[in-house]
Amino acid sequence: MEVAVSAVRTVTGERLSSAVLAPMPPGVDRRLLERMRPREVRPLAEPPAGSGLAPVPGTPGPPVLGHTLSYIRYGHAFTRARHAALGPVSWCGFVGEDVVIAAGPDATHAVLTNPDKAYSQDGWRFLVDDFFHRGLMLLDGDDHRTHRRVMQEAFTAARVRGYVDRTVPVLRETIPTWPTDRQVRVYPMLKRLTLDVATRVFMDGRSGPEAEAVNRAFMDCVQAASAIVRRDLPGTRYRAGLRGRALLERYFTEALPAKRAGDGDDLFSALCRARTPEGEAFSDADVVNHMIFLMMAAHDTSTITSAAAAYYLAANPEWQERARAESLALGDAPPDAAALQSLGTLDLVIKESLRLAAPVPIVMRRTVRDTALLGHHIPEGQLVMVAGAVNHHDPAIWTDPDTFDPERFAEHRREDRAHRDAWIPFGGGVHKCLGMLFGSLEVTAILHELLRHHRITVAPGYRPRWDNTSLPVPADGLPLRLEPLR
């Protein structure tokens with residue numbers, strides 16, 4: 001959701017995403033959140049007479065923008081506050097729409113498993129269809145089932161191992177060259193790195209002007225998906241996104257014949273040749289649509305997770321040293337998927353980072369008929385926000401939920417098993433992320449190479465601020481220091 005304010009700098013020179021994210025003392029933020037406690041709660045819609053259902057309680061917020069700016073600033077702290085005040089099913093205004101918030105493990109499970117087929121992916125299409133048209137996340141029913149079956153052929157265990165083997169050389173070319181003589185903003189460096197990985201692994205591409213143009217187009221599409229001004233007007237994110245989508249369509253369409261005719265082992269080639277046992281395959285248009293969506297999904301979530309984990313390793317040096325010892329013990333040989341999966345400490349750190357800083361803290365749905373959610377009446381056509389990050393901080397499930405404690409995922413504790421939807425960084429139901437194995441291995445490989453070459457440190461007292469305009473990203477680029485080990 002685009003904020004109509006320009007970027008600003010603090011007195012220390014930090015670049016922020018917008019004035020909405022300007023830092024304030026923690027006590028001020030706490031008081032602002034407390035003042036957001038809903039007043040004059042209203043019902044969303046009256047339930048049918050005799051249904052026994054309750055109306056969904058909520059508030060519209062300020063005119064036009066509703067609670068948009070509060071969510072951009074506070075992210076899951078905002079949805080947690082709504083959950084605490086109004087329960088697992090509530091509503092609030094967002095940019096001209098009344099949006100139901102489903103929060104907590106029971107509510108999120110009910111929506112994501114969708115047993116009565118009342119929830120459609122139109123919640124996502126409302127936001128991103130112009131830029132990620134017919135990506136897997138946007139499909140419903142038989143259409144989704146067929147496309148997912150074909151795409152699974154491109155994500156078999158053998159193919160994922162091949163993708164990992166393509167990933168590691170990119171990391172080894174880049175990470176050792178990162179500056180060690182000054183503080184650096186790690187997030188943009190990681191974003192460029194994961195885009196390079198996606199270019200090499202998914203398209204068998206190489207760096208250069210064409211790759212730069214493709215990467216810029218992807219970023220324009222991602223930013224446009226959250227624009228408030230959703231018109232093709234000069235100077236808007238929306239126009240840049242439309243131009244980016246057109247460039248990507250041309251790029252993949254022109255490259256497609258060679259990929260279909262070749263025998264490459266990149267993801268683009270795999271999608272061209274993917275067949276189910278029944279002979280189902282993708283059309284040319286399908287391949288282009290899925291490549292555009294997968295490139296976005298692959299690099300954004302991996303970048304956010306890698307950045308969060310790097311921060312938590314810097315802020316918790318005992319965990320960093322424990323993880324580094326395991327990485328150094330692997331030796332200098334390029335790690336394969338099995339070697340990366342043996343890094344138990346990094347696995348715990350990544351899971352805890354995904355809990356504390358979920359890269360996809362909400363997912364969207366829209367109802368196709370009247371339905372009931374935990375005893376509340378949800379009318380047809382209703383936009384629904386599934387706030388999974390609320391589950392990750394539920395004190396009924398997690399010990400000290402705001403504390404970094406990777407050991408909670410260790411076998412002797414396994415707090416994530418308290419509820420099947422306690423920990424859902426990859427979504428749930430039939431739309432659970434198909435690329436989660438490769439994504440986890442990519443993040444592990446990035447952190448492994450970082451730890452082999454650098455000691456990661458952070459300024460005392462620093463806490464990242466997350467810009468929730470679209471997916472959560474560190475508003476100031478995440479300033480850390482990468483010190484050489486030797």
Side-chain angles (χ1 to χ4, degrees), residues 1-4 6-7 15-18 127-135 137 167 170-171 173-174 177-178 184-256 259 266-268 287-307 359 439 442 446 467 469-478:
M1 295 164 186
E2 186 178 39
V3 184
S6 61
R15 186 182 185 283
L16 300 174
S17 300
S18 79
L127 293 171
V128 305
D129 188 61
D130 285 339
F131 314 104
F132 302 106
H133 180 62
R134 290 189 63 78
M137 183 179 76
T167 297
V170 183
L171 308 182
E173 288 171 15
T174 304
T177 69
W178 284 353
V184 294
R185 299 188 186 280
V186 169
Y187 181 81
M189 293 164 56
L190 286 168
K191 189 168 185 65
R192 176 172 290 276
L193 176 63
T194 59
L195 278 167
D196 285 345
V197 167
T199 301
R200 303 272 190 100
V201 173
F202 286 9
M203 300 185 295
D204 196 25
R206 294 292 181 268
S207 299
E210 186 176 50
E212 287 292 325
V214 170
N215 288 350
R216 180 69 256 172
F218 278 114
M219 288 187 278
D220 286 342
C221 287
V222 171
Q223 292 173 349
S226 59
I228 286 177
V229 179
R230 305 185 72 81
R231 294 287 185 274
D232 185 5
L233 298 174
T236 61
R237 285 182 175 182
Y238 202 79
R239 169 167 285 191
L242 293 175
R243 302 298 185 271
R245 169 74 194 200
L247 185 151
L248 295 173
E249 286 183 358
R250 289 194 301 272
Y251 174 83
F252 287 115
T253 300
E254 290 169 2
L256 197 144
K259 292 293 183 181
D266 55 286
L267 179 64
F268 195 177
V287 173
V288 170
N289 287 328
H290 288 311
M291 281 301 300
I292 293 172
F293 172 73
L294 286 170
M295 285 290 289
M296 177 276 295
H299 89 263
D300 264 348
T301 53
S302 295
T303 304
I304 294 165
T305 305
S306 300
E442 180 187 7
I446 290 170
D467 176 352
T469 303
S470 53
L471 298 182
V473 300
D476 57 4
L478 192 61

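Please read all numbers here as calculations on a predicted model, not as lab measurements.
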Tell me the closest heavy-atom pair linking [X] and [Y], and the distance in Å.
X      : Y      : result
Ala224 : Gly241 : CB-CA, 3.5 Å
His299 : Thr194 : O-OG1, 3.5 Å
Thr174 : Thr177 : O-OG1, 2.6 Å
Gly244 : Ala217 : O-CB, 3.6 Å
Arg245 : Glu249 : NE-OE2, 2.7 Å
Asn289 : Arg134 : ND2-CB, 3.9 Å

Between [atom1] of [X] and [atom2] of [Y], what distance do you get to the nearest 0.5 Å?
X      : Y      : atom1 : atom2 : answer
Leu471 : Thr301 : CG    : OG1   : 8.0 Å
Leu190 : Thr305 : CG    : OG1   : 10.5 Å
Ile304 : Tyr187 : CD1   : OH    : 5.0 Å

Taking CZ in Arg192 as the centre, count heavy atoms belonging to other residues, nucleotides or ligands within less than 6.0 Å. Is the count above 12?
no

Does [X] reach the side chain of [Y], with side-chain heavy atoms less than 4.5 Å apart?
X      : Y      : answer
Leu248 : Cys221 : yes
Leu195 : Val214 : no
Arg239 : Pro234 : yes
Lys259 : Met291 : no
Leu294 : Leu267 : yes
Trp178 : Val184 : no

Lys/Arg-Asp/Glu bridge criterion (N-O < 4.0 Å) met for Asp300, Lys191:
yes

Going by ring-ring contact (aromatic ring centres under 6.0 Å, His included), name the residues that satisfy it together with [X], two or more places apart in sequence or in a different chain.
X      : result
Phe268 : Phe252
His290 : His147, Phe282
Phe132 : none

Sequence-distant partners of Thr167, side-chain contact (heavy atoms from CB on, under 4.5 Å), two or more places apart:
Leu171, Val197, Val201, Phe438, Glu442

Would you mind listing every salt bridge (charged side-chain N to carboxylate O under 4.0 Å, His left out) that reaches into residues 215-224, with sequence neighbours excluded?
Arg216-Asp220

Please enumerate all residues that pass salt bridge (Lys or Arg N to Asp or Glu O under 4.0 Å) together with Arg243, with sequence neighbours excluded.
Asp232

